[in-house]
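Written out below as structure tokens is the structure these notes cover.
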Amino acid sequence: MLYIVGLGLGDEKDITVKGLEAVKSCNRIYLEHYTAILTVPKERLEALYGKPVLLADREMVESDLNSILEGADKVNVAFLVVGDPYGATTHTDLVLRAKELNIPVTSIHNASIMNAVGCCGLQLYNYGQTISIVFFLDNWRPDSFYDKIKQNRNIKLHTLCLLDIKVKEQSIENMARGRKIYEPPRYMTVNQAVEQLLEVEDNRKENVYNRNTIAVGMSRVGAPDQRIIAGTLEELLDADFGEPLHSLVLAGEMHFLEADSLRQYAINVDTFNKYAQVSDH
């Protein structure tokens, strides 16, 4: 059996009872280690499971699925995912490959940022399309997310922005030369995401959002030290969100109860009240 197990968002204790029982039955345990990270080192997981945990980086998951699936028709193998198993399409590829090999698959779900984002007070059913913001490079500054934000804001919906992380990535030069040298890990901050969003708006000039648009930045959601800070994009540029991982939400039109909930996290209540778009019904 291949078990695809969601770990939740915080530490090793966020795994479900069902997930923990499955993991303890496994001969091999892999931890996906590039779409998201836990707030604790893998040694904490190993202490709970009583077994070693192998890190599965992007290269392994995208290019060497067979090594993960090897023998999974005869023994139990666990593939651990921070958040929920299906927050990234790569994990769907793993399931499809397992089924091609006639390996039984069981998925065990958990909380992810896609639903835990509700902790800021903006209701989940008022969100539109989720977008991803990647690190800009000198000669590569993709803005395809802009049109999705525009569609969301046209119908007054909130936009969850997932921020880039780079783990075990190669520079273009090292990749071209075939050198297995990896860059230090990088995790996009809310501040960097806001800078890039504003740059794109300055270039596109369609007034989809601006420096006075209300947004909320969050870090380490699900951990004891999670932070939630609301304000204009201008205000969020300099806010301190602490350690990764970070997420950002651009607020659409808010129900007055959503506004009341978000206001408690505002950097400046007067500014929030001035620029928040609040429905009266």
Side-chain angles (χ1 to χ4, degrees), residues 1-58 60-61 65 68-69 72 76-99 103-125 127 130 132 160-165 167 187 218-228 243-249:
M1 176 74 72
L2 173 67
Y3 287 101
I4 314 286
V5 182
L7 295 181
L9 293 171
D11 58 27
E12 76 281 9
K13 295 180 181 178
D14 281 352
I15 191 170
T16 63
V17 173
K18 182 185 290 186
L20 183 59
E21 289 175 347
V23 169
K24 287 190 172 183
S25 76
C26 290
N27 289 47
R28 297 197 314 278
I29 304 168
Y30 296 91
L31 173 62
E32 188 265 272
H33 191 62
Y34 69 92
T35 61
I37 57 168
L38 278 180
T39 61
V40 295
K42 77 179 182 77
E43 287 76 16
R44 292 267 292 271
L45 278 67
E46 292 173 329
L48 178 62
Y49 307 155
K51 296 181 179 182
V53 173
L54 305 170
L55 290 181
D57 59 23
R58 181 188 296 273
M60 173 184 282
V61 176
L65 288 180
I68 297 173
L69 296 173
N76 289 342
V77 175
F79 185 77
L80 311 181
V81 180
V82 177
D84 187 79
Y86 297 104
T89 55
T90 301
H91 310 138
T92 303
D93 292 341
L94 179 62
V95 171
L96 292 174
R97 179 61 179 152
K99 291 186 176 179
I103 296 170
V105 177
T106 294
S107 301
I108 301 175
H109 297 282
N110 210 319
S112 80
I113 191 62
M114 301 292 286
N115 62 325
V117 68
C119 67
C120 72
L122 299 179
Q123 296 297 312
L124 295 180
Y125 49 77
Y127 281 78
T130 297
S132 295
L160 171 60
C161 309
L162 304 179
L163 310 188
D164 200 8
I165 73 171
V167 179
Y187 307 97
M218 289 163 281
S219 64
R220 296 169 69 84
V221 172
D225 59 346
Q226 81 171 20
R227 297 185 188 182
I228 303 174
E243 297 297 310
L245 294 173
H246 292 188
S247 301
L248 175 69
V249 175

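This chain uses plain numbering: 1 for the first residue, then up along the sequence.
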Can you name the residues that form a side-chain contact (heavy atoms from CB on, under 4.5 Å) with [X], not counting sequence neighbours?
X	value
Leu245	Ala36, Ile37, Ile165, Tyr187
Arg227	Ser219, Asp240
Glu43	Pro41, Glu46
Glu12	Val40, Arg44, Leu45, Leu48

Please report the closest heavy-atom contact between [X] and [Y], naming both atoms and the distance.
X	Y	answer
Val5	Gly19	CG1-CA, 3.9 Å
Asp93	Leu65	O-CD1, 4.1 Å
Met1	Thr106	SD-OG1, 3.2 Å
Val81	Ile4	CG2-CG2, 4.3 Å
Val77	Ala72	CG2-CB, 3.9 Å
Leu9	Ala116	CD1-CB, 3.4 Å

Any [X] side-chain heavy atom under 4.5 Å of [Y] side chain:
X	Y	value
Val249	Met218	yes
Leu2	Val95	no
Tyr49	Leu20	yes

To the nearest 0.5 Å, what is the distance between [atom1] on [X] and [atom2] on [Y]?
X	Y	atom1	atom2	value
Leu96	Lys99	CG	NZ	7.5 Å
Leu80	His33	CG	NE2	12.5 Å
Thr39	Arg220	OG1	CZ	5.0 Å

Task: side-chain contact (heavy atoms from CB on, under 4.5 Å) between Ile228 and Cys119, intermediate numbers included - done: CA-CA 9 Å; Ile228 303 174; Cys119 67; 3.8 Å; yes
With a 3.5 Å cut-off and sequence neighbours excluded, list the donor-acceptor pairs that the side chains of residues 107-115 form with protein atoms.
unit_1 : atom_1 : unit_2 : atom_2 : d
Ser107 : OG     : Tyr86  : OH     : 2.4
His109 : ND1    : Asp84  : OD1    : 2.9
His109 : ND1    : Asp84  : OD2    : 3.3
Asn110 : ND2    : Gly6   : O      : 3.1
Asn110 : ND2    : Asp14  : O      : 2.9
Ser112 : OG     : Met114 : N      : 3.1
Asn115 : OD1    : Ser112 : N      : 2.9

Task: Within 6.0 Å of CD in Gln123, more than 12 heavy atoms from elsewhere - done: yes
Open item on the list: Quick check against the 3.5 Å criterion: does Lys51 have a side-chain atom that pairs as donor or acceptor with the backbone of Cys26?
Closed with: yes
Task: Pair Leu31-Leu7, side-chain contact (heavy atoms from CB on, under 4.5 Å): steps then yes or no - done: CA-CA 10 Å; Leu31 173 62; Leu7 295 181; 3.7 Å; yes
TODO: Could you note down all residue pairs passing side chain to side chain donor-acceptor pair (under 3.5 Å) where residues 18-31 supplies at least one of them, sequence neighbours left out?
DONE: Ser25-Asn76, Arg28-Tyr30
